[in-house]
Engineer: 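The structure's right below; bear with me while I get my questions together.
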Amino acid sequence: MDRRGFVRGMCLGGLATFALPAVRFAQVPGDGRLVFLLLRGGVDGLAALVPAHDPAYARARRGLALPDEALTDLDGRFALGPGLEPLAQLWNRDELLAVHALAIPYRSRSHFDSQAVLETGLDVPSGAADGWLNRLLGVMGGEARGVAVAAGMPRSLTGPASVSTWSPTRLGSVGGAYLDRLALLYRRDRELHDRFEAALQMKELAGDEGDAMGSRGTGLAARYAAVMDATARFLAQSDGPNVAAVEFSGWDTHAAQGGADGPLARRLGGLAQALADFPERMGDRWRDTTVVVMTEFGRTVAVNGSGGTDHGTGGAAFVLGPRVRRSMVVADWPGLADGELFEGRDVRPTLDTRALLKGVLAGTFDLTAGQADRVFPESGGVQGRYDLMI
Amino acid sequence: MNPQTRAVRALNRFGLGARAGEASTLGDPKGWLLDQLEDPPPSVVGDVPDEDEVWVRIGAFRERQRARDREGAQEAGRRMRELYRREARLLLDTRVTTERPFVERLVAFWSNHLCISVGATAVVAPLAGLYERQAVRPHVLGRFEEMVLASVRHPAMLVYLDNFRSIGPDSAAARLVRQNRNRELGLNENYARELLELHTLGLDGGYGQGDVEELARLLTGWTVPSLLPWRRAQLERMGRDGSGARGPGSQRGPGRGDGDESEPGFAFLSVLHDPGEKAVLAGRYGEGQAEGERAIRDLCRHPATADFVAGKLARHFLSEEPAARDVEALASVFRATGGDLSAVAARLVELETAWDPDTRLFRTPQDWLVAVLRAVRHDEAPDRATGVLRQLRHTVWAPDAPRGYPDGARSWADPDSLMNRAELARSLAGQAPRDDLRPERLLSVLELSGDDPLPALVHDETIGARERLALVLGGPAFQWR
């Protein structure tokens, strides 16, 4: 007897109050797939997407200014920083937007506040608000599903729409009968029963190969690759989730972030390789997929007293996927000269994260501007960049 | 709530998990909790690493680094992490065996409030256990500001949040380096910001970027000389050449030396300190270590700090969304007693919400694992415990960010985590001692509603005993307290 059969049997056997919720990954009208990859800690945007053309660059960055030979030029003005070379493949296929001077609408240099604003998509931090990815699922209609391929549920995906989590951690093999009995117990818990049900579904979707993923290498690059591979595994299925939230932490480089082959460059390298390998993992489904890479804030323009950078404002982001109209750098560049910096220290933001995200949503899921505005309820005054995607 | 349920509540909500049959032996649950607050500061069981050994291993690591001996540094790093693993293991043993579980919960709470993370940089790992034992444990039943000050003076914190290398832009050292080598030394505002946002006032505490920078200036000079790239003689020369009449190059920290590699630890070095007046919120401060201490005491006594700390305690012990009047009850004790943490803990126990059968809190992975081990009568943590916690993303002393580990179902009860606990419950039940496989006894550690199907399953002898045990530990009731 399979698990559901067992549970139904239990229900018939006098426990009829434990109604089985009809949850499943269903076919949705649109086939779009979105990965929201959040880099927690505040990535140094000037190290990732280098404004090499800016005459003030070298002087403003001081000890962290990178030599030309460490850079991968994109458009003669901006270049990919060390480590991100693998993204050039996507650039050459017209599948990459490199975005700069981007920021959330709220001026705070707190990780906590800034992540809250980025993940809720609102104007100001709110302790209670739902995540914008969850709101997106609501706007797309009841069939759309979301998964966090992350340890824990990120804020961006919390909310009323049913979502799941999965990470490559397996802590022992468990049999079907045991899980069936646990499911019966969980059905009594008003807060947890949906979540346990979702966990059972993910276990089914991941299959045996999923169980083996936890045992791959432990290095940074191996970890990034394992998470992105799992993400592809879920999203590539025709009845898989439409939206995935993925996150990597460790970008808070207050000290010794290093130059062309320093710790930050190595971290970016692991990330870029996992991203560059992602299209192949997605197979045919890649044509419907967009990956957005964002962080909560940029960092100070000048190096600090310890070879690192402190919390700043404007930063960089990347959008990957075939629905990108053509590869380009999206930056209304404010310049790094003394008088141009925000509060004398940060990249002055010239683009609201939500303007970019609205454009991405419209391009990936064929949403109207009105629908995109519902995903970001307070952003009516922020014009979406609908020109960037096909 | 009947007396038995109240006892279970005391053991689970405020303690580290009930043992089988323990609830009926408790007597007055509230009195049992309050009595725990009377004793001396809580200590760790077993042989903790010696402080000198910690510094010897850090010294060896630094020396290999300076010699650019990559392999040697890796080996020295491994020997540093060994100390961390030993300390983490002893901490878990303490939690599994303690007879004062409420006080251990308080240790965990405050240690997480003023957290450091071994994930940050290699040198934090060997200091992590020392940090909790020296900065947190002595003060969990004492005064908040003494705990905060102990953390500001602790090498683990100064390294973790980079303050040890934050240098006053106008300090003697910075002026000298600018003049001789045309290099800029400067502030690192990481610690100052987190001290305001996470340790004292809280995010809405009414400070701005200017306050962060001024506090960072005040905290320049609070450092760990043995970890700086200069030797003692160089620092003294800087003091003579650069600061002229500004006095000696250093002031001794309590019990520790000042830039001599043979005497490591915290020291205040005035050659690194930014001169001049500083303004943090309404306070005006001058130069030197005492002025920094005065500023930190002012922050700890600020009304916003009481509110912030009270809210966090209430979310940890009472409800994910605590009532304003409960938070205010705690904050007012905090303010009235000058941050007496024992008095605040006692007030927590007196609040009716704590005993309300309709409130429940989701156990963190660490608390879940410790509760499992207490329930199945372990007298120490198994070897794999620290590794298991890493996989449950709740490694001892290793949060991802200075905010520390979160509380609540929103953070911990995602689908994948529930599945991980289910898997782990099955595997731990498989290893439980054979002579103690009586899963039905464990029903006494839970608050169960009358129609819960768990008792029927646990008494169903057609199911194997180990699986029934796993159903208790991995099922929903055991996830809450």
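So you know, we letter chains A, B, ... as the sequences are listed, proteins then strands, and number each from 1.
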Engineer: Please determine, among Glu197(B), Glu189(B), Gln479(B), the option with the most heavy-atom pairs under 4.5 Å with chain A.
Structural biologist: Glu189(B)

Engineer: Measuring heavy-atom distances to chain A, does Leu454(B) have an atom under 4.5 Å in its side chain, in its backbone, in both, or in neither?
Structural biologist: both

Engineer: Under 4.5 Å heavy-atom distance to chain B, tell me which part of Asp113(A) shows up: side chain, backbone, both or neither.
Structural biologist: both

Engineer: With a 4.5 angstrom heavy-atom cut-off, which part of Ala422(B) approaches chain A: side chain, backbone, both or neither?
Structural biologist: both

Engineer: Keeping the roles fixed (side chain from Arg109(A), backbone from Gln209(B)), state whether a donor-acceptor pair exists under 3.5 Å.
Structural biologist: no

Engineer: Between Leu198(B) and chain A, with a heavy-atom cut-off of 4.5 Å, which part of the residue counts as in contact: side chain, backbone, both or neither?
Structural biologist: neither

Engineer: Quick one: what part of Ala120(B) sits under 4.5 Å from any heavy atom of chain A, side chain, backbone, both or neither?
Structural biologist: neither

Engineer: Please look at Thr158(A) and chain B and tell me whether the side chain, the backbone, both or neither of the residue comes under 4.5 angstrom of a heavy atom of that chain.
Structural biologist: side chain

Engineer: Would Asp400(B) and Ser249(A) count as a side chain to side chain donor-acceptor pair (under 3.5 Å) if you check the C-alpha gap in whole Å, the side-chain angles of each, and the deciding distance to 0.1 Å?
Structural biologist: CA-CA 7 Å; Asp400(B) 269 351; Ser249(A) 58; 3.2 Å; yes

Engineer: So for Trp480(B), is it side chain, backbone, both, or neither that comes closer than 4.5 Å to the heavy atoms of chain A?
Structural biologist: side chain

Engineer: For Arg390(B), is it the side chain, the backbone, both, or neither that has a heavy atom closer than 4.5 Å to a heavy atom of chain A?
Structural biologist: neither

Engineer: Heavy-atom cut-off 4.5 Å, strictly under: side chain, backbone, both or neither for Arg40(A) against chain B?
Structural biologist: neither

Engineer: Using non-hydrogen atoms and a 4.5 Å limit, figure out which bit of Arg426(B) sits close to chain A: side chain, backbone, both or neither.
Structural biologist: both

Engineer: Taking atom types as modelled, is there a side-chain donor on Thr165(A) or Asp416(B) under 3.5 Å from an acceptor on the other?
Structural biologist: no

Engineer: Less than 4.5 Å to any heavy atom of chain A: does that hold for the side chain of Ala409(B), its backbone, both, or neither?
Structural biologist: both

Engineer: Under 4.5 Å from any heavy atom of chain A, what part of Arg403(B) do you find: side chain, backbone, both or neither?
Structural biologist: side chain

Engineer: Relative to chain A, which segment of Leu161(B) carries a heavy atom at a distance below 4.5 Å: side chain, backbone, both, or neither?
Structural biologist: neither

Engineer: Can you tell me which portion of Glu194(B) sits under 4.5 Å from chain A's heavy atoms? Options are side chain, backbone, both or neither.
Structural biologist: side chain

Engineer: Using a cut-off of 6.0 Å, state whether more than 12 heavy atoms not belonging to Arg384(B) lie near its atom CZ.
Structural biologist: yes

Engineer: So do the side chains of Asp310(A) and Leu187(B) get within less than 4.5 Å of each other, counting heavy atoms only?
Structural biologist: no

Engineer: Given a strict heavy-atom distance threshold of 4.5 Å, which part of Arg345(A) is in contact with chain B: side chain, backbone, both, or neither?
Structural biologist: side chain

Engineer: Counting C-beta onward and ignoring hydrogens, is there a side-chain heavy-atom pair between Arg188(A) and Pro453(B) closer than 4.5 Å?
Structural biologist: yes

Engineer: Return yes if a side-chain donor-acceptor contact under 3.5 Å exists between Asn190(B) and His254(A), otherwise no.
Structural biologist: yes

Engineer: Examine whether an atom of Val303(A) lies under 4.5 Å from a heavy atom of chain B, and if so say whether it belongs to the side chain, the backbone or both; otherwise answer neither.
Structural biologist: neither

Engineer: Given that the side chain runs from C-beta out, which part of Arg360(B) has a heavy atom under 4.5 Å from chain A: side chain, backbone, both or neither?
Structural biologist: side chain

